[in-house]
Structures are given as C-alpha cells and as structure tokens.
Number of protein chains: 2
Amino acid sequence: MKQATKETLLSVAIELFAEYGYDKVSIRDIAEKAKANSSMISYYFGSKQNLYDAALEKQAGNLQEFLSPSTVALSPQKILQLYADTLQEIHEKNPTLMKFICWEFKTPSAHPETFIKQRLKRVYELISQAISRGIDDGSFREDLDIHSTAIVLAGIVNFYYISRDLRTRISSVADNDECYMKQAMKIFFDGIKRRQL
Amino acid sequence: MKQATKETLLSVAIELFAEYGYDKVSIRDIAEKAKANSSMISYYFGSKQNLYDAALEKQAGNLQEFLSPSTVALSPQKILQLYADTLQEIHEKNPTLMKFICWEFKTPSAHPETFIKQRLKRVYELISQAISRGIDDGSFREDLDIHSTAIVLAGIVNFYYISRDLRTRISSVADNDECYMKQAMKIFFDGIKRRQL
DNA sequence: GTCTATATTGCGATAGAC
DNA sequence: GTCTATCGCAATATAGAC
C-alpha cells in the first residue's frame with residue numbers, strides 16, 4: 001500500500017535519465033537519490049529498462065494537449081502556430097520531456113516502439129495535413145514540398161531546445177524563448193506564405 | 001613502425017562510435033572488428049576516452065572548408081547558402097562526422113573543450129556576422145534578431161540530419177537531401193528577405 | 001608490437017532474512 | 001515492503017611473456 005517509494009523512484013529516474021541518459025545512470029544512482037534500496041527497482045519495475053520505459057511514458061502524456069481532437073478543426077496557420085506554442089509550453093512547464101525526446105533522437109534503436117514514437121507520428125501527420133490544406137486553400141505557396149516544409153517547421157521549433165546546452169557553451173548570447181519563437185515563426189510563415197502578384 | 005594497427009583501430013572506432021555512441025561500444029568491439037587485440041588500444045591511445053577524442057578530432061578536420069578565410073569576403077546571402085551547402089556536402093561525403101556532432105549535442109558535458117566545439121563557435125560567429133551585414137546592407141529585414149535568425153538557419157539545416165534516424169522510423173516518406181535543402185533554404189531566404197513596399 | 005592472462009571495478013539482478 | 005548480501009557478468013586497463 002505504501003507506494004510512495006515507487007513514485008519517488010520514478011520521479012528521480014525521470015530526473016536523472018533526462019539529465020544524463022540511460023547508460024550513464026545506474027540503478028544504484030537512482031536508488032541512492034531516492035533514499036531507497038536499489039533492489040526496490042526490480043521489485044516495482046522488474047528491470048532498469050522497464051523503469052526507463054515507465055519514465056518515458058509518464059512524460060509522453062504531455063504531448064496530449066496538442067493532439068486533442070479539436071486541433072484538426074483549426075485553420076492550417078493556427079495548427080502550425082499551435083505546434084510551436086505547445087512545444088514552447090511543454091518545454092517551460094516540463095523540460096525533461098524534451099530531454100527524453102532528444103535522447104530518443106540519438107539512440108532510436110534503444111526502444112523500438114514506444115508510446116512517444118506513436119505520439120510523434122501523430123504530430124507529424126497533423127502538421128503534414130495542415131500544410132497540405134494550406135496549399136490547397138491558397139494561403140501557402142503552391143510549390144511547397146509538404147515533407148520538407150514539415151521538417152523545416154520541426155527543425156525551427158525543436159533545434160532551439162535540442163541545441164541549448166551546447167549553444168550556451170559556445171555562445172555568450174542569452175536565450176529568450178519568447179523572442180526566439182516569435183522571430184522564428186515569423187520567418188517561417190513569411191517563407192511559406194503565398195505571394196501576391 | 002607498423003602503425004597500420006593504430007590506423008585501423010582509429011577508423012573502426014570512428015565507425016562504431018558514430019553508429020552506436022560512446023557507451024554502447026566497448027574496446028573489445030573495436031578491437032575485434034579491427035582484427036587487433038584490445039590491449040592495443042591502451043598501447044596506442046592510452047584509454048578508451050582518448051581513443052574517442054582522437055576519433056572526434058580526426059573528424060573535425062572536415063569542417064575546415066567552410067571556415068576558410070575566403071568565406072568572410074562573400075556576400076551575406078552567399079555565406080548563409082554556403083553554410084547549408086557545406087553541411088549537405090559534409091553529410092554526403094562523411095556522414096559519420098554529423099553523427100559525432102549529434103552525440104555532442106546530447107552529451108555536451110562529456111568532453112568539455114574539444115576541437116569540434118571551437119569550430120562550431122567559429123561557424124556561429126561567421127553566420128551571425130553575415131546576418132548582421134545583410135541587415136545593414138538592406139537585403140534582410142531590419143527587425144530580424146540576429147541570434148534567433150542564426151538558430152533558425154542552423155535548425156533548418158541540422159535538424160534534418162539529426163532527426164533522420166527517428167524520422168525514417170516514424171514516417172514512410174523517403175528523404176531527398178537535394179530537394180529538402182533547396183526547399184528549406186527558399187523558405188528561409190523568403191522569410192528573412194526585406195520586403196519591397 | 002602483439003599476444004595471453006588477469007587484476008579490478010562497477011553493473012543489473014536476485015535470494016532470503018525480517 | 002524493505003533490507004543485506006551476493007551472484008554473475010562485462011567492462012577497462014595492465015602486467016608480463018614473446
């Protein structure tokens with residue numbers, strides 16, 4: 001009945017895996033920081049891998065908002081903007097999720113079919129459809145390649161967060177999330193907008 | 001005198017580290033694939049970490065071209081386009097370098113001050129200056145934030161490669177590097193271009 | 001230079017007392 | 001549920017023969 005230990009282990013695992021990645025974190029590290037015994041991880045989760053998966057899935061719930069059924073009813077521009085806003089919000093409220101996704105980028109083979117990948121797939125489809133509709137209704141350029149445009153948007157929004165750690169080491173310029181996203185989306189929308197002749 | 005073993009170990013190390021990352025590759029894996037004894041790694045490089053650093057630095061030489069002194073003399077547009085072209089070329093000719101850089105994005109703390117980071121810093125400065133000059137000479141929008149614009153460009157160009165492994169699992173759309181880069185840079189340049197009133 | 005053999009460490013996992 | 005103790009394994013690194 002005392003599941004406090006399980007919860008603590010999970011939240012510590014999320015914290016440490018997000019920061020250092022799967023390989024660099026031992027179950028002993030997690031147990032120590034959670035003030036629990038390392039054998040409790042086997043007891044509650046079965047294995048280190050299962051604990052990681054549990055951590056990943058718990059974080060994945062945060063992509064829910066963007067994927068709500070009402071999203072598809074929005075205009076193409078609104079959907080693309082919502083994607084950017086949602087990622088910005090997720091990062092503010094829960095930076096660890098982005099860390100997990102980044103780790104997945106790096107070692108995709110580690111966890112073949114996770115919940116998070118299914119979510120990402122849905123996100124990609126939503127964006128692609130929005131771009132396609134935007135072209136059809138005349139608001140975006142006709143010569144846009146849908147796949148490429150989707151990657152450009154994803155790159156603009158995600159690279160900022162993916163590269164943050166490295167950037168702060170290289171450059172002395174301080175980040176301003178609000179400012180970046182506004183500037184970036186202006187460039188993006190100006191770049192895909194249909195020109196008046 | 002017979003340094004063939006050393007060279008083989010290094011090239012195998014580059015291959016394996018790029019593919020699986022530092023943690024997932026053991027010195028035994030490297031030695032086996034190089035048909036050498038694992039103790040040869042200590043003999044030639046001292047440690048696994050030193051071998052990794054050697055692999056990283058050897059790869060970093062490939063960023064040279066973009067950083068040649070003649071680059072700074074080009075027009076802002078040309079410099080930004082050259083950045084995209086160079087990364088595309090690097091990836092085609094030497095995909096392992098990009099893998100290394102991707103690993104550095106994920107675990108930047110692992111190797112505090114590497115050669116590669118100095119190169120990246122120089123690249124960032126070149127791009128920033130190009131954007132700044134483009135604003136001054138009236139070819140780019142005046143309201144551009146230099147830092148944000150530089151990250152947008154870097155994101156557009158790099159995210160495509162960073163995300164490739166994961167994307168191919170999620171989406172069935174085949175990549176076409178040439179097509180992507182052309183589309184992406186058109187969006188980018190249209191997005192930062194100064195509008196005629 | 002290259003090999004075998006081994007020292008040493010740290011890992012994930014589990015058995016079993018309480 | 002939680003602990004101690006330990007097993008079994010794989011890793012890096014090294015000592016020493018050749």
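Numbers restart at 1 for each chain; the letters A, B, ... are given by sequence-line order, proteins then strands.
For the residue pair B:Ser163/B:Arg167, the side-chain donor-acceptor check at 3.5 Å is satisfied. Side-chain atoms of A:Asp145 and B:Tyr180 form no donor-acceptor pair, as typed in the model, at a separation below 3.5 Å.
Atom CD1 of B:Ile41 is separated from atom C1' of D:dA11 by 12 Å (rounded to the nearest Å). Rounded to an integer number of Å, the gap from CG of B:Asp23 to P of C:dG10 is 16 Å. For the pair A:Tyr44 OH and D:dC3 C1', the interatomic distance rounds to 13 Å; values are reported in whole Å. When rounded to the nearest whole Å, the span between OH of A:Tyr22 and P of C:dG12 equals 7 Å. For A:Asn50 and C:dG12, the CG to P distance is 14 Å, given to the nearest whole Å. Atom NZ in A:Lys24 sits roughly 15 Å away from atom P in D:dA11 (whole-Å rounding). Rounded to a whole Å, the NZ atom of A:Lys35 is 15 Å from the P atom of D:dT2. Taking atom OH of residue B:Tyr20 and atom C1' of nucleotide D:dA11, one finds them 18 Å apart after rounding to whole Å.
Closest to the A:Ser42 side chain, of the nucleotides D:dC3, D:dA13, C:dT14, is C:dT14. Side-chain proximity of B:Tyr43 to C:dT2, D:dG1, C:dG12: nearest is C:dT2. Checked against D:dT2, D:dT4, D:dA13, the side chain of A:Asn37 finds its nearest nucleotide in D:dT4. Each of C:dC11, C:dT2, D:dG1 was ranked by its minimum atom distance to the side chain of B:Met40; first place goes to C:dT2. Set against C:dT4, C:dG12, C:dA13, the side chain of A:Ser26 has C:dG12 as its closest nucleotide.
Remark: A:Lys48 qualifies as a cation-pi partner of A:Tyr22 under the 6.0 Å distance and 45° angle criteria applied to the six-membered ring. At least one cation-pi condition fails for A:Lys6 and A:Tyr43: the charged atom is not both under 6.0 angstrom from the six-membered ring centre and inside a 45 degree cone around its axis.
Judged by distance alone with a 3.5 Å cut-off, a donor-acceptor contact links the side chain of A:Ser39 to the base of D:dC3. Taking only distance into account, the side chain of A:Arg28 never meets the base of C:dG10 through a donor-acceptor pair shorter than 3.5 Å.
Between A:Thr96 and A:Phe17, the closest side-chain pair of non-hydrogen atoms is not below 4.5 Å.
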